[in-house]
Student: 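Structure incoming, see below.
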Number of protein chains: 2
Amino acid sequence: MKEIFTPAGSVAPSPAGSVAPSPAGSVAGSRYPAPAPLAAAIGPQGSQSPHGSHGPRASHGKQGRQGSPGSPKPPLTPTTDAPPAPAALAAKVRTLAPSMTRSMQRVAEAVAADPAGCAALTVTGLAELTGTSEATVVRTARLLGYPGYRDLRLALAGLAAQQQSGRAPSVTADIAVDDPIADVVAKLAYDEQQTLADTAANLDTVQLGAAVAALATARRIDIYGVGASGLVAQDLGQKLLRIGLLAHAHSDPHLAVTNAVQLRSGDVAIAITHSGSTGDVIEPLRAAFDHGATTVAITGRPDGPVSQYADHILTTSTARESELRPAAMSSRTSQLLVVDCLFTGVTQRTYETAAPALAASYEALAHRHAPRTR
Amino acid sequence: MKEIFTPAGSVAPSPAGSVAPSPAGSVAGSRYPAPAPLAAAIGPQGSQSPHGSHGPRASHGKQGRQGSPGSPKPPLTPTTDAPPAPAALAAKVRTLAPSMTRSMQRVAEAVAADPAGCAALTVTGLAELTGTSEATVVRTARLLGYPGYRDLRLALAGLAAQQQSGRAPSVTADIAVDDPIADVVAKLAYDEQQTLADTAANLDTVQLGAAVAALATARRIDIYGVGASGLVAQDLGQKLLRIGLLAHAHSDPHLAVTNAVQLRSGDVAIAITHSGSTGDVIEPLRAAFDHGATTVAITGRPDGPVSQYADHILTTSTARESELRPAAMSSRTSQLLVVDCLFTGVTQRTYETAAPALAASYEALAHRHAPRTR
DNA sequence: GAAGGGCCGAAAATATCTTTCAAGTGTGAC
DNA sequence: GTCACACTTGAAAGATATTTTCGGCCCTTC
């Protein structure tokens with residue numbers, strides 16, 4: 001049942017077809033036959049939205065009324081320019097201000113000054129705030145080119161979201177001791193995103209491809225890592241085991257070395273070390289290297305000692321660190337991305353055997369979860 | 001419900017009086033004190049939700065025992081749906097999807113697939129499009145954390161505007177078996193970045209703060225996790241140990257339970273499980289809960305069984321998954337971010353002791369690195 | 001100073017959203 | 001296999017919000 005959502009993205013393009021099996025879907029369209037050209041032009045998102053299907057942005061059935069030529073009502077609505085106000089709302093307010101009455105100006109002013117705040121208000125609320133009436137608010141919305149206040153409000157919400165997202169990257173500062181917890185979350189997330197981007201940008205895909213090729217055909221795989229990198233090593237080991245490869249992550253340096261000397265050509269050894277100079281990891285890699293195994297280093301210091309014994313070097317990124325943000329944090333993020341790339345690449349290469357293995361391991365775990373609660 | 005706007009209205013200082021006097025000229029809105037009060041007014045709207053509809057359902061098994069001592073937060077509802085989602089709506093849909101009914105899933109799917117299009121629809125229109133009823137649409141909006149459909153629609157409009165504004169996450173295609181390795185790297189990195197953003201956006205900072213407070217003063221900390229989550233548990237354990245806390249990550253369920261019964265008030269137990277229903281993790285948490293320890297759950301299913309025994313629930317994000325991108329991958333990324341936040345928060349709180357401890361552990365490792373080659 | 005035109009807001013009318021309630025549906029117990 | 005139960009669902013009633021109507025007031029013009 002959950003799989004409904006996995007393909008959601010792909011199914012999306014045809015909402016009417018996939019989502020609404022019932023013929024009722026057409027009702028909306030039939031009820032509001034032909035939105036006046038004005039409405040079509042006004043639709044805030046209407047122009048870009050690829051979903052022409054539910055075009056019936058059924059705001060009001062009487063839209064057609066406005067289209068009637070020679071409407072008795074004087075030029076309340078300047079049908080001349082009615083483009084949706086995307087972000088140029090403030091400019092539009094200024095442009096149209098002269099043609100506005102006093103009350104309308106008050107409304108327009110409030111809207112331009114605080115889109116986000118106004119978006120949270122109902123027509124009554126905005127009327128009270130500006131000391132005017134609902135009717136005036138609606139008139140202002142019309143003047144600004146929207147069918148009604150409802151649509152203006154929607155546009156306002158969009159504008160507010162844009163504005164807010166614009167000043168999002170203001171949290172790039174370092175984490176301070178007295179940062180509120182919300183800032184900590186934002187900064188950590190931002191930093192890790194940055195680390196990921198850096199890593200992806202700097203990762204040598206040729207080296208990666210070579211490492212993947214070696215892993216895919218390896219008879220046996222040993223992975224070395226200690227400390228924080230040890231967990232990454234175990235993560236990789238777990239993953240490779242799941243797709244049927246004979247992988248083992250060593251955290252004990254002595255055992256790692258004694259196992260490394262068993263390796264030979266056709267085997268693969270992977271060392272994970274951020275500093276590139278962790279003796280406990282280099283030693284087993286060297287042993288493996290000397291015995292003819294293909295060796296891979298995942299390190300943040302490609303110029304470090306570990307590279308001497310590595311056939312393929314995968315570079316992880318080094319983010320700025322601080323007292324409240326130890327290097328282990330970003331290096332781990334970076335290493336895990338590399339590990340994921342390795343795993344995915346190998347899975348691709350060995351899809352015939354990996355897919356069933358993955359399915360089997362998933363199956364095997366199912367019974368360990370208590371029955372769903374819903 | 002009308003009282004929502006009363007604050008806004010009353011806060012606005014004598015609307016007619018202050019706003020009216022100057023009829024002419026500049027549209028400058030500096031005069032309006034509106035922004036702050038208005039923005040503030042949005043908050044209550046969400047949390048205050050007049051109808052305690054969620055309340056009865058999720059009566060978690062906490063017998064009156066509230067959070068840890070010194071927890072600064074008032075007795076708020078234990079449910080996590082406090083904030084009106086910003087832009088992480090797709091993630092929220094994924095997280096909550098399993099707990100939805102079929103009809104609600106259809107609605108959620110439509111919303112996630114085409115925010116812009118749905119924002120243009122009334123509740124009736126969306127109901128017809130998805131072949132459901134208005135009631136279902138409203139229920140879905142509630143489940144997603146909004147007071148009603150109206151607010152969901154507003155958020156949708158904002159989301160649509162953001163997407164269109166540029167940073168459109170267009171290339172969200174799934175990883176295919178025949179993707180070149182460079183694409184794999186790019187897609188994985190992008191997905192993980194997305195996961196981080198989602199997690200950060202949906203993380204309940206109140207719960208997080210409470211968990212941090214509990215950890216900072218804990219006499220002893222036990223962490224439970226198996227499988228992929230086991231590595232995350234160990235990561236957290238390692239980190240906390242480094243700043244001088246008595247933390248231990250258990251991967252053996254039996255030992256975990258036998259240790260859990262040793263815990264008592266003032267201790268903290270943390271369970272990490274993506275599914276929220278991993279028996280091997282729930283059992284020790286329950287034992288700890290029953291013995292009076294403060295319990296924390298880090299899970300992707302806040303409505304899962306594990307939450308019954310959790311004083312504080314930290315929700316991780318659920319990214320879309322596929323054959324080449326197992327759930328374990330994104331859940332791990334998300335969990336690690338939460339863990340990092342916990343760690344950093346605790347470090348802040350215990351800076352006096354944590355800083356020297358960190359320095360000492362760094363020092364202790366120095367000699368294990370071979371001399372740099374640079 | 002009076003007449004006319006247009007702005008404005010109160011309230012009615014309409015649309016939209018929310019809640020209630022009873023029927024339908026699947027599930028598990030016996 | 002049948003029954004009872006709980007849950008889901010949509011239709012319709014009820015509440016709110018938006019739009020329209022209409023008449024009073026102010027300002028301009030002669």
Side-chain angles (χ1 to χ4, degrees), chain A residues 1 20 22 24 27-28 31-32 39 56-63 65-66 71-77 99-107 119-128 130-143 146-154 371-374, chain B residues 1-6 8-9 15-16 19-20 23-24 45 49-54 56-57 99-107 118-143 146-154 156:
Chain A
M1 204 149 297
S22 102
V27 174
R31 186 143 61 96
Y32 298 114
R57 31 179 293 77
S59 294
H60 343 72
K62 41 241 170 190
Q63 208 96 78
R65 181 189 59 81
Q66 291 198 350
S71 89
K73 213 59 178 167
L76 229 186
T77 2
S99 65
M100 287 182 185
T101 67
R102 265 192 301 268
S103 294
M104 288 168 99
Q105 282 184 356
R106 282 215 299 277
V107 175
L121 292 172
T122 67
V123 68
T124 311
L126 185 54
E128 279 180 14
T130 57
T132 64
S133 67
E134 292 96 329
T136 301
V137 172
V138 172
R139 283 189 204 106
T140 308
R142 290 265 165 74
L143 195 72
Y146 300 91
Y149 174 69
R150 200 187 311 275
D151 299 71
L152 168 62
R153 195 176 168 187
L154 242 47
R372 300 289 169 98
T373 51
R374 182 172 71 72
Chain B
M1 221 148 290
K2 59 169 72 82
E3 71 277 12
I4 289 169
F5 298 102
T6 310
V19 177
Q45 189 175 0
S49 67
H51 41 70
S53 60
H54 325 61
R57 177 184 176 167
S99 63
M100 288 182 184
T101 67
R102 265 190 302 277
S103 295
M104 290 168 100
Q105 284 184 353
R106 281 215 299 281
V107 175
C118 293
L121 292 171
T122 68
V123 66
T124 310
L126 184 55
E128 284 178 359
L129 175 74
T130 57
T132 64
S133 66
E134 291 97 332
T136 301
V137 172
V138 173
R139 278 192 281 260
T140 307
R142 290 266 165 74
L143 197 73
Y146 301 90
Y149 175 69
R150 199 186 308 274
D151 299 75
L152 169 62
R153 195 176 167 187
L154 240 47
L156 242 36

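The basis for the numbers below is simple: all heavy atoms, side chains too, and nothing from hydrogens, waters or symmetry mates. The structure presented is a predicted model; accordingly, all values stated were derived computationally and were not measured.
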Student: Looking at every non-hydrogen atom in both residues, tell me the closest pair between A127(A) and S133(A) and how far apart they are.
Tutor: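 Here A127(A) and S133(A) meet closest at CB-C, 3.4 Å.
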Student: Is S103(A) close enough to dC8(C) that one of its side-chain N or O atoms is under 4.0 Å from OP1 or OP2 there?
Tutor: yes
Student: Mapping R150(B) and T132(B) onto DNA chain D by nearest heavy atom, which one lands closer to the 5' end?
Tutor: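 The residue mapped nearer the 5' terminus is T132(B).
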Student: For Y149(A) and E134(B), take the nucleotide of DNA chain D holding the closest heavy atom to each; which residue's nucleotide lies nearer the 5' end?
Tutor: E134(B)
Student: Please report the closest heavy-atom contact between Y149(A) and L121(A), naming both atoms and the distance.
Tutor: OH-O, 2.7 Å
Student: Please check the phosphate of dC7(C) (OP1 and OP2 only) for any side-chain N or O of T101(A) closer than 4.0 Å.
Tutor: no
Student: Whole angstroms only, please: what is the CG-P distance between L154(B) and dT16(C)?
Tutor: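 Computing the L154(B):CG to dT16(C):P distance gives 16 Å.
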Student: Measure the distance from CZ on R106(B) to P on dG10(D) and round it to the nearest whole Å.
Tutor: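 It is 7 Å, rounded to the nearest whole Å.
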Student: Looking at CG of L152(B) and SG of C118(B), how far apart are the two atoms once the value is rounded to the nearest 0.5 Å?
Tutor: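 Reported to 0.5 Å precision, the distance equals 8.5 Å.
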Student: Working to the nearest 0.5 angstrom, can you tell me the gap between L143(B) CG and Q105(B) CD?
Tutor: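 If I round to the nearest 0.5 Å, the distance is 10.5 Å.
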Student: With side-chain contact (heavy atoms from CB on, under 4.5 Å) as the test, would you mind laying out the steps for T140(A) and V137(A) before giving the verdict?
Tutor: CA-CA 5 Å; T140(A) 308; V137(A) 172; 5.6 Å; no
Student: Among the candidates dT19(C), dA10(C), dT19(D), find the nucleotide nearest to the side-chain atoms of A135(A).
Tutor: dA10(C)
Student: Tabulate protein N/O versus nucleotide N/O from nucleotides 25-28 of chain D, keeping only pairs under 3.5 Å, one per line.
Tutor:
none

Student: Round to a whole Å and report the spacing from CG of L152(A) to C1' of dA17(D).
Tutor: 15 Å
Student: Rounded to the nearest 0.5 Å, how far does CG of D151(B) lie from CZ of R142(B)?
Tutor: 9.5 Å
Student: Is any side-chain N or O of S133(A) closer than 4.0 Å to OP1 or OP2 of dC8(C)?
Tutor: no
Student: Scan side-chain atoms only and decide if S103(B) and T101(B) contain a donor-acceptor pair under the 3.5 Å cut-off.
Tutor: no
Student: What is the distance from CZ of R139(B) to C1' of dT19(C), rounded to the nearest Å?
Tutor: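 Taking CZ of R139(B) and C1' of dT19(C), I get 10 Å after rounding.
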Student: D151(B) has an atom CG; how far is it from atom P of dA17(D), in whole Å?
Tutor: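 Interatomic distance, CG of D151(B) to P of dA17(D): 11 Å.
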Student: Can you figure out which of dG10(D), dT19(C), dT18(D) approaches the side chain of V138(B) most closely?
Tutor: dT19(C)
Student: In whole angstroms, how far is the C1' atom of dT20(C) from the CZ atom of R142(B)?
Tutor: 13 Å
Student: Counting just side-chain N and O atoms, does R153(B) come under 4.0 Å of either OP1 or OP2 of dT16(C)?
Tutor: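 Indeed not, no polar side-chain atom of R153(B) lies that close.
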Student: Looking at CD of E134(A) and OG1 of T122(A), how far apart are the two atoms once the value is rounded to the nearest 0.5 Å?
Tutor: 8.0 Å
Student: So, is T136(A) near the phosphate of dC8(C), with a side-chain N or O under 4.0 Å from OP1 or OP2?
Tutor: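 For T136(A), the contact criterion (side-chain N or O under 4.0 Å from OP1 or OP2 of dC8(C)) is not met.
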Student: Atom CZ of R150(A) and atom CZ of R150(B): how far apart are they, to the nearest 0.5 Å?
Tutor: 7.0 Å
Student: Take atom OH of Y146(B) and atom P of dC17(C), then tell me their distance rounded to the nearest Å.
Tutor: 16 Å
Student: Quantified as the angle between the terminal helix axes (five pairs each), what is the overall bend of the helix from dG1(C)-dC30(D) to dC30(C)-dG1(D) to 10 degrees?
Tutor: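 About 10° separates the two local helix axes.
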